[in-house]
Amino acid sequence: MDGAGRQQVHALLPVCLALAFSLAALGSSHWCEGTRRVAKPLCQDHPGGLGCIHFNRGHGGGRRDDESQAVQYIWETGDDRFIQSRFHVGLWQSCEENLGSAGEKCRSFQSIIPAEEHGLLWLSIGAEILNILLVLTSAVLLGSGVSSQSAGFRWLKVDASVAILTVLAGLLGMVAHMMYTTIFQIAVNLGPEDWKPQTWDYGWSYCLAWGSFALCMAVSVMAVNRYTAARLEFIEKQRVRKGSKHSRHKFPEPKASESVREMEAAPSPAGHALVSASEHLPPNAPGKVSMC
């Protein structure tokens with residue numbers, strides 16, 4: 001695997017992690033957590049229990065004579081009459097602990113918020129789902145690119161697509177999270193009295209949702225950097241390749257003047273014969289020599 005392939009493998013891990021964070025946040029109900037102030041229930045089944053209003057009721061009939069025949073109450077006043085009940089809320093439902101028995105009782109979050117905010121809630125849910133689809137598409141592109149062992153130019157297209165998809169997913173997620181925060185704050189102020197929390201804070205699902213946003217933006221930045229570096233390297237290789245081809249075709253055939261110059265520079269046989277003939281003439285012989 002080349003360097004580009006290794007970079008794609010390293011980029012696939014945060015994309016898959018962002019996808020897991022988004023799915024966990026969408027399906028969970030711990031976006032916001034807090035406590036509600038509710039009245040203590042009557043301790044009918046557990047007279048000695050804590051967190052309830054104690055009373056004993058006498059019974060007639062086959063009871064012993066030493067049993068109390070009067071109803072005895074322990075009156076608790078002020079804040080002692082109330083107990084803090086924990087709750088958690090998500091995109092789909094709101095759940096709180098059941099004081100009378102084990103487990104939780106849940107109801108739809110849509111039934112808590114005002115009716116005019118239902119459209120904003122569904123818009124937030126739609127943005128979250130679209131965010132997940134974009135991140136999933138990015139993961140599929142990176143996975144297919146790694147498995148196909150494609151050429152360098154295909155890596156450029158994969159990086160460009162991943163950069164665009166992840167930045168869109170991150171922006172959609174950010175808008176969805178902010179819309180949900182606004183909806184929850186409206187529900188806290190205008191929701192039903194039997195649900196309004198006394199204290200609340202953001203839960204682990206909310207942190208996962210923003211963690212997915214951060215991972216998407218980081219992957220987008222890394223993809224843009226890889227695309228820029230690979231694009232510059234690809235352009236440089238193309239320029240070097242064209243330059244080498246141009247240099248191979250740059251040497252023309254020798255011209256006629258150059259061939260004539262070479263013929264003039266070369267010694268001729270007639271000149272050698274003339275020199276050798278003049279060497280054998282007597283000293284007083286005339287200097288004219290005729291040649292046919």
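Only a predicted model underlies this, so the values are computations on that prediction, with no experimental measurement involved.
Between Ile83 atom CD1 and Glu97 atom CD the span is 7.5 Å, to the nearest 0.5 Å. Summarising the geometry, atom OG belonging to Ser29 is positioned 10.0 Å from atom CG belonging to Leu91; distances are rounded to the nearest 0.5 Å. Taken to the nearest 0.5 Å, the CG atom of Leu12 stands 11.0 Å off from the CG atom of Leu141. Separating the CZ atom in Arg86 from the CD atom in Glu33 is a distance of 6.5 Å, to the nearest 0.5 Å. For the atom pair CZ (Phe87) and SG (Cys32), the distance works out to 7.5 Å, reported to the nearest 0.5 Å. For the atom pair Met222 CE and Asp159 CG, the distance stands at 10.5 Å (nearest 0.5 Å).
Partner Leu168 forms a side chain to side chain contact (heavy atoms under 4.5 Å, CB included) with one of Val135, Leu134, Thr137 and no other, that one being Leu134.
Under the 4.5 Å side-chain heavy-atom criterion for ILVMFWY residues, no single connected hydrophobic cluster contains both Leu17 and Leu172. In the hydrophobic clustering of ILVMFWY residues, with side-chain heavy atoms under 4.5 Å counting as a link, Val188 and Phe109 come out together. Transitive grouping of hydrophobic side chains (ILVMFWY, heavy atoms separated by less than 4.5 Å) keeps Ile183 and Leu190 in distinct clusters. Side-chain heavy atoms closer than 4.5 Å link hydrophobic residues (I, L, V, M, F, W, Y) into clusters, and following such links, even through other members, never connects Leu136 to Phe21. Note on Leu23 and Phe213: same hydrophobic cluster, where clusters join Ile, Leu, Val, Met, Phe, Trp and Tyr whose side-chain heavy atoms are under 4.5 Å apart, directly or indirectly.
Of all non-hydrogen atoms in Ala24 and Leu208, the two that sit nearest each other are CB-CD1, 3.9 Å. Across every non-hydrogen atom of Gln110 and His118, the tightest pair is O-NE2, 2.9 Å. Between Ser220 and Ala163 the shortest heavy-atom distance is OG-O, 3.1 Å. Taking all atoms of both residues into account, the shortest heavy-atom contact from Ser124 to Ala176 is OG-O, 3.1 Å. In this structure, Trp195 and Val89 approach most closely via the heavy-atom pair CZ2-CG2, 3.8 Å.
Proximity of a side-chain donor or acceptor of Ser212 to a complementary backbone N or O of Ala18 within less than 3.5 Å is detected. His88 contributes no side-chain N or O that, together with a main-chain N or O of Gly203, makes up a donor-acceptor pair within less than 3.5 Å. A donor-acceptor contact shorter than 3.5 Å links the side chain of Thr182 to the backbone of Met178.
Residues Ile132 and Leu19 meet the side-chain proximity criterion, which asks for heavy atoms closer than 4.5 Å. Using a 4.5 Å heavy-atom threshold, the side chains of Glu128 and Asn131 count as touching. The closest side-chain heavy-atom distance from Ile113 to Phe184 is not below 4.5 Å. The closest side-chain heavy-atom distance from Thr166 to Met217 is not below 4.5 Å. With contacts defined as side-chain heavy-atom distances shorter than 4.5 Å, the pair Val221/Asn225 qualifies. Side-chain contact between Glu96 and Lys105 is present, with at least one heavy-atom pair separated by less than 4.5 Å. Using a 4.5 Å heavy-atom cutoff, the side chains of Arg107 and Gln93 are not in contact. Side-chain atoms of Met174 and Leu171, non-hydrogen and from C-beta on, do get closer than 4.5 Å to each other.
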Checklist entry - Going through the checks in order, is the side chain to side chain contact (heavy atoms under 4.5 Å, CB included) test met by Asn98 and Glu104? => result CA-CA 5 Å; Asn98 195 353; Glu104 295 179 334; 5.9 Å; no
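Aromatic rings of Tyr180 and Trp31 (six-membered ring for Trp) have centroids within the 6.0 Å cut-off, being under it.
In this view, Tyr202 and Trp200, Tyr206 satisfy the ring-ring contact (aromatic ring centres under 6.0 Å, His included) rule, not counting sequence neighbours. For Trp204, the ring-ring contact (aromatic ring centres under 6.0 Å, His included) partners two or more places apart in sequence, or in a different chain, are His30. Take Cys16 and apply the disulfide (SG to SG under 2.5 Å) test, not counting sequence neighbours, and it matches no residue.
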